[in-house]
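Numbering of ligands and ligand atoms starts at 1, following listing order.
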Amino acid sequence: MNLHLYDSPSFRMACQQFDLVADFMEIPEAARDRLKMPKRSLSVAVPVRMDDGSTQVFMGYRVQHHLTLGPTKGGIRFHPDVTVGEVAALTMWMSWKCALVGLPYGGAKGGVACDPRALSNGELERLTRRYTQELIPVIGPQMDIPAPDVGTNEQVMAWIMDTYSLQMGHAVPGVVTGKPVLLGGSLGRREATGRGVAYLVSRAMDTMGMQAQGATAAIQGYGNVGSVAAVSMAKQGIKIIAISDAFGGIHNPNGIDLNKLDAHVSSTRSVVGFPDAEPITNEQLLITPCDILIPAALERQITEANAAKLQCRIIAEGANGPTTPEADAILAQRPEIFVIPDILCNSGGVIVSYFEWVQDLQSFFWSEGEVMDKLYRLLEQAYMQTLNLSRKKNISMRFAALSLGIKRVHDAKTLRGLYP
Ligand code: GLU
């Protein structure tokens with residue numbers, strides 16, 4: 001198969017993971033490319049009028065992985081390193097994630113190569129609206145439903161909803177999830193990914209016979225996932241001893257006061273410089289001695305260079321694709337470390353996105369209690385299915401989660417058949 005269009009470290013990694021699982025599941029060679037290759041991709045040039053009067057053109061993408069089970073679903077990333085290959089890898093992981101937790105979606109992802117922190121609010125709005133306009137032919141409540149990802153938030157989703165709705169001539173809240181609650185967003189969506197991570201950490205601790213009280217955690221990434229996971233874990237009695245973001249990290253073995261940190265982050269936009277902690281680098285954070293390590297930033301952070309040096313007992317993957325297959329091979333030799341794989345660990349986000357979409361389609365909204373209750377039920381089911389398969393077949397948690405997700409998509413494709 002020619003990977004040319006998508007060839008990139010992340011897409012190769014997603015294919016490598018897939019091939020290992022496909023070998024194990026004995027998926028026939030003929031079915032593999034069909035499962036792997038994204039169905040559609042759209043690249044768009046996004047011209048934006050900048051505040052200084054100049055016009056800058058940004059590259060944007062939307063990739064849809066498979067259309068077998070329903071519309072496609074996945075976030076939109078604003079980050080300087082976005083490429084179509086990275087986006088394609090993220091669509092594959094979205095597909096296996098949605099199938100693992102039983103959502104009627106294929107995976108999708110989108111992104112614009114830009115640095116949102118270097119844009120003014122007006123520039124960000126114009127970029128979002130023009131990018132949305134360019135995506136109109138491929139998105140919609142029955143086609144493809146975007147959501148937040150790295151570098152985007154509720155406000156960006158509100159602009160997407162508004163731009164799409166203006167084109168349609170009526171409000172279409174179901175075109176996007178992770179919106180403000182007032183515009184048809186779901187209660188609990190903003191917190192869903194981080195709370196899901198914390199829930200699964202507590203389940204992993206049960207499995208490992210560990211106590212939350214006094215356990216320690218290090219978190220790479222202090223965005224929507226890392227910051228909410230930190231608060232939820234602190235509520236369980238876990239001490240957060242190290243946190244990093246794109247600019248650097250902080251470490252305090254006695255625990256970081258999250259309220260004070262949030263005040264510092266709101267005024268400086270970074271954890272760096274927080275007075276009650278020592279500075280550390282992102283690389284040091286990953287190998288800091290702790291009970292729970294949470295990569296909640298970007299792909300390919302735990303690699304063959306640092307996997308042997310990790311000093312944690314649980315890795316809870318808040319990010320998508322944080323661990324490379326080479327690192328997985330090293331971790332396979334370290335059974336003392338329990339991995340909650342990304343497609344399970346961070347699935348709380350897309351689960352509540354699904355709830356948001358269902359509520360929008362019905363114009364019937366649920367209480368936060370209902371949302372959380374249904375979220376934890378789906379997470380519990382996926383956790384137990386993954387754990388049971390991993391034990392029964394003596395395979396890693398990642399292998400088990402991927403095989404459950406891939407199997408459902410493969411079976412669905414087989415049932416639908418090949419047209420014509
Ligand atoms: N970007 C998130 C993810 O990777 C959420 C996607 C969604 O809610 O559709 O899972």
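- When all heavy atoms of G140 and Y164 are compared, the pair lying nearest together is CA-OH, 3.5 Å.
- Around ligand 1, the residues contributing at least one heavy atom under 4.0 Å from the ligand are K73, G74, G75, M94, K97, K109, A147, P148, D149, R189, N320, G349, V350, S353.
- With salt bridges taken as basic N to acidic carboxylate O contacts below 4.0 Å, none links R269 and D245.
- Using a 4.0 Å cut-off between charged side-chain N and carboxylate O, R40 and D144 make no salt bridge.
- Counting only N and O atoms by type, the side chains of N224 and N153 include no donor and acceptor under 3.5 Å apart.
- Of the listed residues (I315, N282, D342), just one forms a side chain to side chain contact (heavy atoms under 4.5 Å, CB included) with P295, and that residue is I315.
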Would T152 and R77 satisfy side chain to side chain donor-acceptor pair (under 3.5 Å), going step by step from the backbone distance to the final call?
CA-CA 6 Å; T152 57; R77 177 172 293 199; over 6 Å; no

